[in-house]
Amino acid sequence: MTPYASAMLAHEARALLARLARVSPFALNEPMVPAAALLPSAQSAIERYLVEGRQQLHRLVLGFLSWLAQSPGVSAEEAQRRFALLRLQFNTVLTQFELFRSVVTQRSEHETGVWLSGLDVVSADALTLVGNYYRAPPVICYLDRGVGAAIRRARTRLPGGGMNPVAIIRVPRERMIGSGIASSLVHEVGHQAAALLGLVASLRPTLQGMQRGGSDQLAWALWERWISEVVADFWSIARLGVVSTLGLMGVVSLPRPFVFRLNADDPHPMPWLRVALSCEIGNALFPHPQWQALLDLWTSFYPVRPDHLREQGIFEGLRSTMPAFTALLINHRVARLRGRSLSEALDVEARQPARLARLYQSWCASPAGMYDAAPTLVFAVLGQARMNGHLNAEEESDVFAKLLTHWALRSTLDTSLACASTQPDAGLTRVLRLTESA
């Protein structure tokens, strides 16, 4: 390799180091009010992950420069090949930085940042089960266009490698702010909970057994295909009650051809069936005439016309197996729940419609009780009040804006108090040291 080629590659490698040094921690370049900030567990997990990635790349670049200086006889082609791979790794680090930056940057938006922090609190509550069945990861939320939500689960592979240190939930901006946002949010939390409990993997063998023989084996095969999304819907219904189904109806209210489109490659059930299943699950968990009323309403919006419905036999097979499928979900016992069924672990008794209605009346007389309650319970109570006709859209939006702000502020003050009364967090301290040495 010529001295010119060596000098050119060395310059480019040092330029990578210079640019890498300018990638600062979010804590130094993202202004936001304290109530909008990420919880320390999420902040430290993200910063630690990114700092360690930058440090690893820093070592690789220095190693390349050392190799370049000590290998005068290497070909220019080989040196360029190694540098090209190094540059790809540099761009991977930037890609992961941008992934988190797009989430954190919204925290600086007026009001929106605080509301997102409030949604973080709702997510954490939706993921928490009494019984310590798993170690829940930090959850952070951000807004995006579109009508559906999505999650990048914690402890899954990120683009370019590495395990995601936090769960990231994308929430549709068009749902801010109302009770419907809880339906989308807790559905995505359900995906994370299902992964932590191993629910999908434990349900599949049972569903596969239902496919052996009988005229409904194709219907059971489709339920197995859709089980991941169904379990997430189940989690949302169990945590929120009727507001989960109301929110789902808002999401899948599409032109008729889409509502009746049966696509075996789609992990989501046919929208019409998905709402019908939500009503079936809701009535099984929380028996009440409201579920039939909702199903009748949905059917009036989208009447089932056999002459317009393709795969009529499959559709009827799915409808006929829905009660048995629902019973299977409710009574399913996974090893990590230590013998308890899903409905028992999710404590559905606390979300029965009559109890929710009594709580609403109590909170109308004394609103302080609402602000002290668990966020998912509050969404369940106010969603039931909406179903009962006691809460209009304007009141709903106003009260949830206040609640999200309250939860964000309470979480911030509780965290500040905890930090003031304990030793410095070891994780945060380590992040600071890594940053200083990067």
Could you report the tightest heavy-atom contact between [X] and [Y], atom names first, then the distance?
X	Y	answer
A35	T412	CA-OG1, 3.2 Å
H288	P353	CD2-CB, 3.8 Å
V243	G383	CB-CA, 3.7 Å
C279	L295	SG-N, 3.9 Å
R410	A373	NH2-O, 4.4 Å
F260	M270	O-CE, 3.6 Å

Under 3.5 Å: donor-acceptor pair, side chain of [X], backbone of [Y]:
X	Y	answer
R153	A167	no
N283	Q292	no
Q290	M387	no
R225	A264	yes
E52	Y49	no
S236	D233	no
D216	A219	no
T92	L88	yes
R239	L127	no
R204	E224	yes

Q. Stepwise, does the side-chain contact (heavy atoms from CB on, under 4.5 Å) test hold for L377 with R351?
A. CA-CA 7 Å; L377 178 60; R351 264 69 168 172; 4.0 Å; yes
Interatomic distance, [X] atom [atom1] to [Y] atom [atom2] [nearest 0.5 angstrom]:
X	Y	atom1	atom2	result
S244	I237	OG	CD1	5.0 Å
T245	E280	OG1	CD	11.5 Å
L318	L218	CG	CG	7.5 Å
L57	L20	CG	CG	5.0 Å
E344	E349	CD	CD	10.0 Å
R155	M163	CZ	CE	9.0 Å

Going by heavy atoms in the side chains, are [X] and [Y] under 4.5 Å from each other?
X	Y	answer
V171	I181	yes
T326	L285	no
V122	L404	yes
F286	V348	yes
S117	S411	no
L346	L129	yes
V166	P137	no
L342	V231	no

Q: Check the angle between the aromatic planes of F379 and F400 and answer parallel, tilted or perpendicular using the 30° and 60° thresholds.
A: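 Rings of F379 and F400: parallel, as their planes differ by under 30°.
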If only side-chain N and O atoms count, and only distance matters, is there a donor-acceptor pair under 3.5 Å linking [Y] with [X]?
X	Y	result
T156	N164	no
N388	Q384	yes
S202	R336	no
W220	T321	no

(Q) Assess the residue pair F234 and L199 against the criterion (side-chain contact (heavy atoms from CB on, under 4.5 Å)); give the C-alpha distance rounded to whole Å, side-chain angles, the decisive distance to 0.1 Å, and a yes or no. (A) CA-CA 11 Å; F234 184 96; L199 290 179; over 6 Å; no
Could you pull out every donor-acceptor pair under 3.5 Å between side chains of residues 362-369 and any protein atom, sequence neighbours left out?
none

Q | NZ/NE/NH1/NH2 to OD/OE distance under 4.0 Å, R173 and E109 | A |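 Salt bridge: yes.
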Q | Salt bridge R107-D120, side-chain N to carboxylate O under 4.0 Å | A |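 So R107 pairs with D120 through a salt bridge.
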Q | Ring centre gap for Y302 and W272 strictly below 6.0 Å | A |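 So the answer is no for these two rings.
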**Q.** Ring centers of W407, Y371 separated by less than 6.0 Å
**A.**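 Ring centroids of W407 and Y371 are no less than 6.0 Å from each other.
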Q. Could you walk me through whether E188 and R170 pass the salt bridge (Lys or Arg N to Asp or Glu O under 4.0 Å) check?
A. CA-CA 9 Å; E188 301 307 329; R170 184 191 73 204; over 6 Å; no
Q.
Check this for me: R87, atom CZ, are more than 12 non-hydrogen atoms of other residues, nucleotides or ligands nearer than 6.0 Å?
A.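 Open: at most 12 neighbouring heavy atoms sit under 6.0 Å from CZ of R87.
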Q. What residues form a side-chain contact (heavy atoms from CB on, under 4.5 Å) with N263, not counting sequence neighbours?
A.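 With sequence neighbours excluded, N263 shows a side-chain contact (heavy atoms from CB on, under 4.5 Å) to D265, D266, given in chain and number order.
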Q: Given side-chain contact (heavy atoms from CB on, under 4.5 Å), test C141 with L185 step by step and report yes or no.
A: CA-CA 9 Å; C141 303; L185 183 66; 3.7 Å; yes
Q) Would L119 and I169 count as a side-chain contact (heavy atoms from CB on, under 4.5 Å) if you check the C-alpha gap in whole Å, the side-chain angles of each, and the deciding distance to 0.1 Å? A) CA-CA 10 Å; L119 290 180; I169 297 180; over 6 Å; no
